[in-house]
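All ligand and atom numbering here is 1-based and tracks the order in the structure.
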Amino acid sequence: MEKQATGLRKASLLALSVISMMSVDIGTAFAQDGPAKQVFGNIALPSAGPSISYGSYAKGCQSGAVALPTEGQGFQAMRLSRNRRWGQPQLISFIERFAQDAQKIGWPGLLIGDISQPRGGPMLTGHASHQIGLDVDIWWRQMPNQVMSAEQRESTPFISMLDKSKFLTVDDRKWSPLNAKLVMMAASYPQVERIFVNPAIKQKLCQSWTGDRTFMGKIRPIYGHDEHFHVRLECPPGATNCKPQAPVAAGDGCDKSLAWWFTKEPWATPKKDPNAKPPKPPRPMMVSDLPKACAAVAAAPAANGASMAVRETYAPAAAAPQAPAPARSQSGGSGVPIPPADVPRPSSRPSLN
Ligand SMILES: [Zn+2]
């Protein structure tokens with residue numbers, strides 16, 4: 001870990017000095033302020049320099065991100081065309097460790113969904129958070145035995161753990177005690193700050209888990225999250241630019257905060273006053289709304305070459321550049337060009353805080 005971080009820093013410094021020798025002005029594209037999701041959603045590669053999370057999970061960015069390899073022991077990354085498998089080294093290491101530990105309890109392997117964009121920040125589609133390289137979505141669907149092609153990783157559907165014919169109910173044909181073991185294991189790592197699951201899943205855990213409940217309070221109920229669970233790491237020790245979230249309340253969370261989800265309140269459509277003026281569309285989050293450092297992160301040279309730093313048009317379904325992670329090996333199997341695919345997008349949700 002230590003060694004790896006040093007290696008990364010060296011690689012980044014090297015990249016930085018190479019780029020500064022080439023008189024490439026890639027900063028101009030970002031010289032002006034703009035909607036943050038446009039700016040960050042159009043950058044294909046991470047910035048050079050040290051790995052740092054700036055700001056909070058739902059309002060920030062990251063520098064020096066590394067990519068999760070497309071596959072490794074116990075995991076495969078999904079939806080590669082989205083180019084969202086970039087995170088802080090601590091998160092990437094956590095995923096690799098958790099994937100191996102999960103196999104030890106009988107989980108065949110993890111399918112990894114979105115982490116963050118190369119430089120974090122808000123996204124053009126989906127997710128209020130995932131902005132600082134410390135959040136990862138892990139599918140409830142189990143990994144198949146074979147290494148999937150890039151095409152299969154685009155088209156393999158999610159599996160919901162809910163019985164959609166009922167109100168907020170886990171489907172026992174899909175859910176098993178192994179699912180519970182997996183998410184409880186995820187919660188047990190000290191660096192895991194909280195985990196988001198559907199309220200029905202949290203309820204299921206509350207009702208069925210007979211083991212140690214020390215870490216169950218980290219598992220929080222929220223809309224969606226029936227096809228994946230969302231793991232959030234705490235700000236790494238000493239990461240002074242990373243803004244921590246209020247800690248979860250003590251206890252197992254099998255309380256009023258969970259019961260509320262089973263009332264009508266969260267699901268009611270807000271009453272409209274027929275005489276009220278139509279609300280102004282919300283102002284987009286601008287780069288200048290993010291921590292100051294994020295403008296510099298957006299304008300910084302790319303970790304492995306400036307020419308690929310800006311993607312002219314953002315098309316999630318189109319071929320994404322094969323962006324190698326600095327100082328980490330890309331495993332084979334997905335070196336094939338990524339085909340156009342109908343990328344399912346999460347429907348809009350109330351923001352996740
Ligand atoms: Zn998520």
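If you look at H230 and ask which of its N, O or S atoms sits nearest the Zn ion (ligand 1), the answer is ND1. Looking at D137 and the Zn ion (ligand 1) together, the shortest N, O or S contact belongs to OD1.
Among the atoms of H228, no N, O or S atom is found under 2.8 Å from the Zn ion (ligand 1). Counting backbone and side-chain atoms alike, D114 contributes no N/O/S atom closer than 2.8 Å to the Zn ion (ligand 1).
Looking at residues two or more places apart in sequence or on another chain, you find a side chain to side chain donor-acceptor pair (under 3.5 Å) between S165 and D163. Residues passing the side chain to side chain donor-acceptor pair (under 3.5 Å) test with Q73 are Q103, sequence neighbours excluded.
Under a 4.0 Å N-O distance rule, the pair R153/E71 qualifies as a salt bridge.
Both the sub-6.0 Å distance and the 45° axial angle are not jointly satisfied by R232 relative to the ring of F196.
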